[in-house]
Amino acid sequence: MMRRQSSTSLRILTTLGLGLALAGCGRETSSSDFRLAGAGLDPQEIGPQPSKHGGLIEYNWVNFAGAGLPLALLGLVSYTAAGPELSRFKPPYAAITGFAYIFEGDEPAPDTLFGSWSPPPAVEGACYTNYDPRSFISSLVDVGTEVKFRAAESDTYFRIGRRPALYGPNAEAAFPIYFAFETWRNEAMYYKVFPEGSESLGEYEDKLAFGRNFPHGERVEVSFPGALPPEEASFGAIPVPLAAAGAERVMRLPTRSDSVVLQWKGPVYDSRGDIAQDGGDQRTTCLSYFAPGTTPSTPSDCIVQPELENSVPEGQLYTAPWDAEDGKLTLYYEAAPLADGEATDEFITVSVRFLGPLDTDDEYKHEYVVEVPANESITESWETYDGISYPEGEPVPAGRRPAGACEGDDDGAGWKYDDDLVNADGSPITTLKGEPSHRLAEVTCRLPTPAQGALGSFDLTMDMLDKAYAYAQEHGAEGAIFYVSRGTSMNLETPPVRDAYGNRRDTSTVKVVSYAVSLGRFHYGAK
């Protein structure tokens with residue numbers, strides 16, 4: 001008994017002594033802007049801190065750097081691949097998007113919940129996984145007819161317009177959203193005007209028609225005019241201009257994201273997902289719509305766009321780590337150039353997004369048509385190529401035409417799945433390999449920032465993707481995209497919100513983020 005008590009006392013003294021020793025060797029600590037992921041996630045994954053903000057504003061340059069990338073990835077109702085098929089685009093096939101959500105109160109981590117692109121983890125070289133990210137937006141407020149980005153003393157501006165621009169008689173049923181989409185203008189457009197007071201017909205001067213809408217690496221100022229909605233409106237507003245807050249409103253935009261080299265060992269796929277070259281060799285390409293004519297030696301080689309002739313080559317479909325022989329895809333990239341002689345606070349990320357099952361019941365994938373049986377001429381032509389262009393004995397398919405304004409069910413009209421969205425065998429076209437708007441799981445890694453003049457590299461491996469990949473397989477994923485982004489951000493102080501009842505609400509800062517994104521599609525198939 002005495003020995004047991006002595007043993008117990010010794011254990012207590014030993015524990016206290018060890019605790020004091022550890023306390024004496026403790027290091028100084030400080031707060032940090034990242035947290036260890038919890039709630040069932042891998043504790044080694046470090047995600048962004050869920051800080052609260054009174055809104056989110058995005059201003060993005062998005063480069064469609066490959067095949068099978070529809071505008072629906074940006075929230076639009078279009079399943080056509082961005083590329084040569086869209087006549088207003090030219091290499092690089094880039095669009096400018098923007099939106100603004102200003103809240104009546106604070107929301108945690110709005111860039112994670114509502115952002116188009118995943119925010120980076122705080123630690124370079126770290127990754128985190130976001131499973132099925134989705135949420136609902138409510139309590140939006142009006143800040144005027146537009147949120148505007150403008151570069152001082154230059155021809156650059158981008159307007160994110162309010163929807164609706166004008167309120168009708170039912171303002172109590174409306175709510176303000178801000179969204180804009182434009183093709184990229186790297187140069188301003190001018191037109192000639194006759195100057196006032198001039199007497200010479202030859203004295204024309206240039207007047208700005210359309211400014212540049214995303215000047216990479218330059219400083220832009222954000223503003224909005226404020227608003228006073230109708231009395232019957234059920235939403236709040238900021239009734240004064242943003243400038244009334246008296247805080248910093250200037251941010252630097254990120255540099256271009258398309259100077260990236262990809263390297264892997266394995267097969268090469270064509271734009272439809274068929275193997276174009278077998279595995280076994282080391283492959284190198286640029287993150288660009290068209291494959292480069294020669295093997296790039298540096299990421300800077302990827303900025304040069306190929307000269308297009310009469311025949312337009314197909315866009316690239318990329319080989320993912322799960323199809324690479326060693327389970328990895330290596331990215332090479334360069335540091336952002338110095339701005340005014342100083343390094344910028346730009347961050348670089350790579351993300352892999354697994355797309356959920358295709359929603360074939362979506363009303364936007366259907367068309368109102370009348371089926372028309374094949375006539376004699378079409379039947380004869382079909383029989384001529386029977387067994388050559390299609391399997392022998394395949395019946396002649398019926399045609400379709402748009403239904404007339406007065407045609408209904410009795411006339412054979414009805415809603416049919418758009419046959420432009422399927423291949424001849426009934427499988428979905430490449431742009432619909434996975435529902436574009438359904439983020440099933442997304443892995444985001446922050447790339448190490450290289451020193452000026454040095455080359456950065458990052459291995460995207462299956463060890464980083466295995467949990468998200470398994471989750472995607474289990475939940476019926478049908479496609480995968482990835483993107484490399486360069487981003488900047490700022491916290492914008494705004495004037496107080498006047499809610500729908502006339503009360504003042506002091507909210508936290510609005511998170512303003514800008515991304516330069518290059519999108520690609522991975523070949524994806526269930527193993």
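- The closest side-chain heavy-atom distance from Val512 to Asn491 is not below 4.5 Å.
- Residues that satisfy the salt bridge (charged side-chain N to carboxylate O under 4.0 Å, His left out) test with Arg219, not counting sequence neighbours, are absent from this structure.
- A 4.5 Å side-chain heavy-atom check between Leu440 and Leu355 finds every atom pair outside the cut-off.
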* Test salt bridge (Lys or Arg N to Asp or Glu O under 4.0 Å) on Asp111 and Lys511 and set out the steps. => CA-CA 8 Å; Asp111 48 344; Lys511 185 74 173 287; 3.0 Å; yes
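- Here the closest non-hydrogen pair linking Tyr178 and Val143 is OH-N, 2.9 Å.
- Distance check, rounded to the nearest 0.5 Å: OH of Tyr333 to OG of Ser457 gives 6.5 Å.
- For the disulfide bond (SG atoms under 2.5 Å apart) condition, the pairs that include at least one residue of residues 444-489, sequence neighbours left out, are Cys127-Cys445.
- Comment: Glu346 engages Arg486 in a salt bridge, judged by a side-chain N to carboxylate O separation of less than 4.0 angstrom.
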* **CA sep, side-chain torsions, deciding dist, call: Arg162, Asp142, salt bridge (Lys or Arg N to Asp or Glu O under 4.0 Å)** => CA-CA 8 Å; Arg162 184 185 66 197; Asp142 190 352; 3.0 Å; yes
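- More than 12 heavy atoms of other residues, nucleotides or ligands sit less than 6.0 Å from atom OH of Tyr417.
- Note: Trp322 and Phe354 have tilted aromatic rings, judged against thresholds of 30 and 60 degrees for the angle between ring planes.
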* To do: Give the intermediate values and the outcome of side chain to side chain contact (heavy atoms under 4.5 Å, CB included) for residues Ile303 and Arg256.
  => CA-CA 9 Å; Ile303 292 292; Arg256 286 177 61 162; 4.0 Å; yes
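- From Leu492, atom CG reaches atom NE2 of His53 across 11.0 Å, with rounding to the nearest 0.5 Å.
- Heavy atoms of other residues, nucleotides or ligands lying less than 6.0 angstrom from NZ of Lys365 number more than 12.
- A salt bridge (Lys or Arg N to Asp or Glu O under 4.0 Å) with Arg212 is found for exactly one of Glu187, Glu182, Glu218, namely Glu218.
- Once rounded to the nearest 0.5 Å, the distance linking NE2 of His216 with CZ of Arg252 reads 13.5 Å.
- For the salt bridge (Lys or Arg N to Asp or Glu O under 4.0 Å) condition, no pair includes a residue of residues 118-131, sequence neighbours left out.
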* Asked: Between Leu262 and Thr330, is a side chain to side chain contact (heavy atoms under 4.5 Å, CB included) present by the stated rule, with each step listed?
  -> CA-CA 6 Å; Leu262 306 177; Thr330 303; over 6 Å; no
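- Sorted by first and then second residue, the ring pair (Phe, Tyr, Trp, His ring centres under 6.0 Å) pairs involving residues 222-260 (not counting sequence neighbours) are Tyr167-Phe235.
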With a 3.5 Å cut-off and sequence neighbours excluded, list the donor-acceptor pairs that the side chains of residues 58-80 form with protein atoms.
unit_1: Glu58; atom_1: OE1; unit_2: Asn60; atom_2: ND2; d: 2.7
unit_1: Glu58; atom_1: OE1; unit_2: Ser116; atom_2: OG; d: 3.2
unit_1: Glu58; atom_1: OE2; unit_2: Ser116; atom_2: N; d: 2.9
unit_1: Tyr59; atom_1: OH; unit_2: Asn213; atom_2: O; d: 2.5
unit_1: Asn60; atom_1: OD1; unit_2: Tyr515; atom_2: N; d: 3.2
unit_1: Asn63; atom_1: ND2; unit_2: Ser518; atom_2: OG; d: 3.3
unit_1: Tyr79; atom_1: OH; unit_2: Asp362; atom_2: OD2; d: 2.9

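- Minimum heavy-atom separation, Ala82 to Tyr289: O-CE1, 3.4 Å.
- Judged as a disulfide bond (SG atoms under 2.5 Å apart), not a single pair has a partner in residues 450-489 (not counting sequence neighbours).
- The cationic group of Arg159 lies under 6.0 Å from the six-membered ring centre of Tyr157 and within 45° of the ring axis, placing it in a cation-pi geometry.
- A salt bridge links Arg249 to Glu221: at least one charged side-chain nitrogen sits closer than 4.0 Å to a carboxylate oxygen.
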